Participant: 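Mind looking over this structure? Questions follow.
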Amino acid sequence: AWEGILLITWGLYKKLVIADNLAIWVDKVYGNVSHYQGFSLLLATLFFTFQIYCDFSGYTDIARGSAKLFNIELMENFRSPYFAAGFKDFWSRWHISLSTWFKDYVYIPLGGNRVPKIRHAFNLLITFLVSGLWHGANWTFILWGGIHGIGLLCEKFVKRTNTSLRLLNVFITFSLVMLAWVFFRSSNIQNAVYVFGHMFSGFMNLKQYFITGLKALNIDFQTIIKIGIVYFLPLAIYDYISLKKDVIKLLAEQSWILRSAILFFVTLLISIFGHVGQSSFVYFQF
C-alpha cells in the first residue's frame, strides 16, 4: 500500500508540477511557431521532451500505484529513458509495454533478425514506421517513427561506439530523441520544417541568442531557478537513482516517520507549484 501511495504521489508530481507547467510554454510556441525563432523554439522543444515524458510516465505511475493498492502488479513502463545510451537502449526504457507489443506482433512475425541483413533492416524500419502510424494518420508521426528506425539501424550496422564514452552517448541520444520530438509535436510537416530551419537562428551571437529566446517566452531569472530546482532537479535525481535501485520500494522500506515526511513534503510541493487546470493527459488522444 505504501508503494502504491508513494507511486501515485510521484506520478501526480510529474504530471501537475512538471508536465502541466512546461505545457504552458510548449503550447504557446507550437501553437503558433511562425511567431518564434531561435532559442525560444529550442527551449520549447526541450520543454516538450520533458513534458511528454512526465505526462505519460506520470499517468503510468498513477495507474501502477492505484493497482498496487489492490495488490495488482502492472508492468513498469519507463526506466529512466533519457539516460539511455543509444536508440536500442532508449526503446528498452521508453513505453516498454508498446515497444514489447510491436516486437512480439510486428517485428518477430516479419522475421525479426533471423533473416538476411537487408531484410532485417526492412523489418526494423517497417516496425518503427508502423509505431509512428499507430499514433495517428499524419506524416509527422510516420517521420518520427522513421527517425527512430533509422537511428536503430545505424547502431546495428555501424561500428559500435566505445562504451567508455557512455556520457557522450547519452548526450547524443538525448539530443537526437529531442529533435525527433519536433515532428511528434508539430501539427504538420511545414511547422516542423520551420522549427528546424529557425531553431538556431542567431546562434553565432550566443548571449543575444539566449536573451532574445527567454524574453520571447517571458522567462526571467527567478523562473529559470524554479524550472531548474522544482522541475528538473527532482526528476534527474529520481531517474539517476532508478538506474540501479527501485526508488519507490526503497522509500517504502524506510520508517513510517520518514515515509510520512516525504509524502507530506511532495504533496506540499504539488499544492504550491502544481498547475491545476483543464489539462488532460497527452496520450489520451491516441
Side-chain angles (χ1 to χ4, degrees), residues 18-19 21-55 81-87 89-90 94 128 132 135 138-155 158 161 165-228 231-233 235-236 282:
I18 304 175
N21 277 306
L22 293 179
I24 297 171
W25 289 299
V26 175
D27 293 344
K28 181 179 179 181
V29 173
Y30 273 90
N32 200 345
V33 293
S34 61
H35 283 196
Y36 299 91
Q37 60 179 343
F39 186 57
S40 56
L41 292 172
L42 180 61
L43 196 57
T45 304
L46 175 67
F47 285 170
F48 178 70
T49 300
F50 286 98
Q51 179 205 346
I52 192 169
Y53 170 46
C54 291
D55 193 290
Y82 290 151
F83 280 105
F87 280 96
D89 191 21
F90 177 78
W94 177 276
F128 276 94
H135 289 86
N138 193 323
W139 282 108
T140 55
F141 294 130
I142 295 172
L143 283 171
W144 169 81
I147 290 170
H148 281 269
I150 292 170
L152 203 57
L153 283 176
C154 290
E155 286 180 8
V158 176
T161 309
L165 300 175
R166 178 177 172 80
L167 189 60
L168 178 62
N169 291 339
V170 170
F171 175 77
I172 292 171
T173 303
F174 175 81
S175 300
L176 293 174
V177 167
M178 181 184 75
L179 293 175
W181 284 128
V182 171
F183 284 108
F184 194 95
R185 181 61 180 82
S186 299
S187 56
N188 54 56
I189 297 293
Q190 290 75 18
N191 283 354
V193 170
Y194 177 89
V195 172
F196 282 119
H198 294 80
M199 185 181 288
F200 296 102
S201 296
F203 185 75
M204 298 308 294
N205 188 347
L206 203 56
K207 182 179 179 181
Q208 194 60 39
Y209 176 76
F210 289 130
I211 292 174
T212 304
L214 292 171
K215 188 176 180 180
L217 296 180
N218 294 319
I219 297 177
D220 55 19
F221 182 73
Q222 288 182 326
T223 306
I224 293 173
I225 297 298
K226 184 174 74 171
I227 292 171
Y231 302 167
F232 289 157
L233 185 61
L235 183 67
V282 171

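All values reported here derive from a predicted model rather than from experimental measurement.
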Participant: I need the minimum non-hydrogen distance between Thr49 and Tyr82, along with the two atoms involved.
Facilitator: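 Closest approach of Thr49 to Tyr82, heavy atoms only: O-OH, 2.5 Å.
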Participant: For Ala85 and Arg166, which heavy atoms make the closest approach, and how far apart are they?
Facilitator: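 Shortest heavy-atom contact: CB-NH1, 3.2 Å.
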Participant: Only one of Phe90, Phe184, Phe141 forms a ring-ring contact (aromatic ring centres under 6.0 Å, His included) with His148, so which one is it?
Facilitator: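 Single pass found, and it is Phe90.
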Participant: Can you name the residues that form a ring pair (Phe, Tyr, Trp, His ring centres under 6.0 Å) with Tyr194, not counting sequence neighbours?
Facilitator: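 With neighbours one apart ignored, the set is His198.
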Participant: Enter the distance from Ile172:CD1 to Phe87:CZ here, rounded to the nearest 0.5 Å.
Facilitator: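 Atom-to-atom, Ile172:CD1 and Phe87:CZ are 10.5 Å apart.
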Participant: First locate atom CD1 of Ile147, then atom CG of Leu152, and finally report the distance between them rounded to the nearest 0.5 Å.
Facilitator: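 Nearest 0.5 Å value for the CD1-CG distance: 13.5 Å.
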Participant: How long is the gap from OG on Ser40 to NZ on Lys28, to the nearest 0.5 Å?
Facilitator: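 Separation between the atoms: 9.5 Å.
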Participant: Kindly compute the distance separating CD1 (Ile24) from CG (Asn218), expressed to the nearest 0.5 Å.
Facilitator: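 So the CD1 of Ile24 and the CG of Asn218 are separated by 12.0 Å.
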Participant: Could you pull out all residues at least two apart from Val29 that satisfy side chain to side chain contact (heavy atoms under 4.5 Å, CB included)?
Facilitator: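 By the side chain to side chain contact (heavy atoms under 4.5 Å, CB included) rule, Val29 matches Tyr36, Leu41, Ala44, Leu217.
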Participant: Take Met178 and Leu42 through the test side chain to side chain contact (heavy atoms under 4.5 Å, CB included) and record every step on the way to the result.
Facilitator: CA-CA 10 Å; Met178 181 184 75; Leu42 180 61; 3.9 Å; yes
Participant: Sequence neighbours left out, what pairs pass salt bridge (charged side-chain N to carboxylate O under 4.0 Å, His left out) with at least one residue falling in residues 36-55?
Facilitator: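 Residue pairs passing salt bridge (charged side-chain N to carboxylate O under 4.0 Å, His left out), neighbours aside: Lys15-Asp55.
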Participant: Measuring from atom CD1 of Ile150 to atom CG of Leu176, what distance do you get when rounded to the nearest 0.5 angstrom?
Facilitator: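 Interatomic distance, Ile150 CD1 to Leu176 CG, rounded to 0.5 Å: 11.5 Å.
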Participant: Say whether, by atom type as modelled, one donor and one acceptor occur between the side chain of Gln51 and the main chain of Val26 under 3.5 angstrom.
Facilitator: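 Pair absent, no side-chain N/O of Gln51 close to backbone of Val26.
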Participant: Going by ring pair (Phe, Tyr, Trp, His ring centres under 6.0 Å), name the residues that satisfy it together with Phe196, two or more places apart in sequence or in a different chain.
Facilitator: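 Phe196: ring pair (Phe, Tyr, Trp, His ring centres under 6.0 Å) contacts with Phe183.
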Participant: What is the ring orientation for Phe232 with Phe47, classed by angle as parallel under 30°, tilted 30 to 60°, or perpendicular over 60°?
Facilitator: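 The arrangement is tilted - the two ring planes meet at 30° to 60°.
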Participant: Kindly indicate whether the side chain of Trp181, heavy atoms from C-beta on, has any atom under 4.5 Å from the side chain of Trp144.
Facilitator: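 In contact.
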Participant: Asp27: which residues meet the salt bridge (charged side-chain N to carboxylate O under 4.0 Å, His left out) condition with it, sequence neighbours left out?
Facilitator: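 Only Arg185 meet the salt bridge (charged side-chain N to carboxylate O under 4.0 Å, His left out) criterion with Asp27.
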Participant: Using the six-membered ring wherever Trp is involved, compare the ring planes of Phe48 and Tyr30 and label them parallel, tilted or perpendicular (cut-offs 30° and 60°).
Facilitator: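 Phe48 vs Tyr30 ring planes: tilted.
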Participant: Using side chain to side chain contact (heavy atoms under 4.5 Å, CB included), reason through Met199 and Leu179 one step at a time and then give a plain yes or no.
Facilitator: CA-CA 10 Å; Met199 185 181 288; Leu179 293 175; 4.0 Å; yes
Participant: If I compare all heavy atoms of Cys54 with all of Leu235, which pair ends up nearest, and what's the gap?
Facilitator: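 Where Cys54 meets Leu235 most closely, the heavy atoms are SG-CD2, 3.6 Å.
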Participant: Distance only, no hydrogens: is a donor on one side chain within 3.5 Å (strictly under) of an acceptor on the other, for Asn188 and Ser186?
Facilitator: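 Not at all, the side chains of Asn188 and Ser186 share no donor-acceptor pair under 3.5 Å.
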Participant: Apply side chain to side chain contact (heavy atoms under 4.5 Å, CB included) to residues Ile227 and Trp25 and explain how you reach the verdict.
Facilitator: CA-CA 12 Å; Ile227 292 171; Trp25 289 299; 3.8 Å; yes
Participant: How about Tyr53 and Tyr231: are their ring centres within less than 6.0 Å of each other?
Facilitator: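 Not under 6.0 Å, so no.
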Participant: Which value, rounded to the nearest 0.5 Å, describes the distance between Ile189 atom CD1 and Ile142 atom CD1?
Facilitator: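 Ile189 CD1 to Ile142 CD1: 8.5 Å, rounded to 0.5 Å.
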Participant: Taking ring pair (Phe, Tyr, Trp, His ring centres under 6.0 Å) as the test, write out the residues that go with Phe39, two or more places apart.
Facilitator: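 Only Tyr209, Phe210 meet the ring pair (Phe, Tyr, Trp, His ring centres under 6.0 Å) criterion with Phe39.
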Participant: Take Leu43 and Leu46 through the test side chain to side chain contact (heavy atoms under 4.5 Å, CB included) and record every step on the way to the result.
Facilitator: CA-CA 5 Å; Leu43 196 57; Leu46 175 67; 4.2 Å; yes
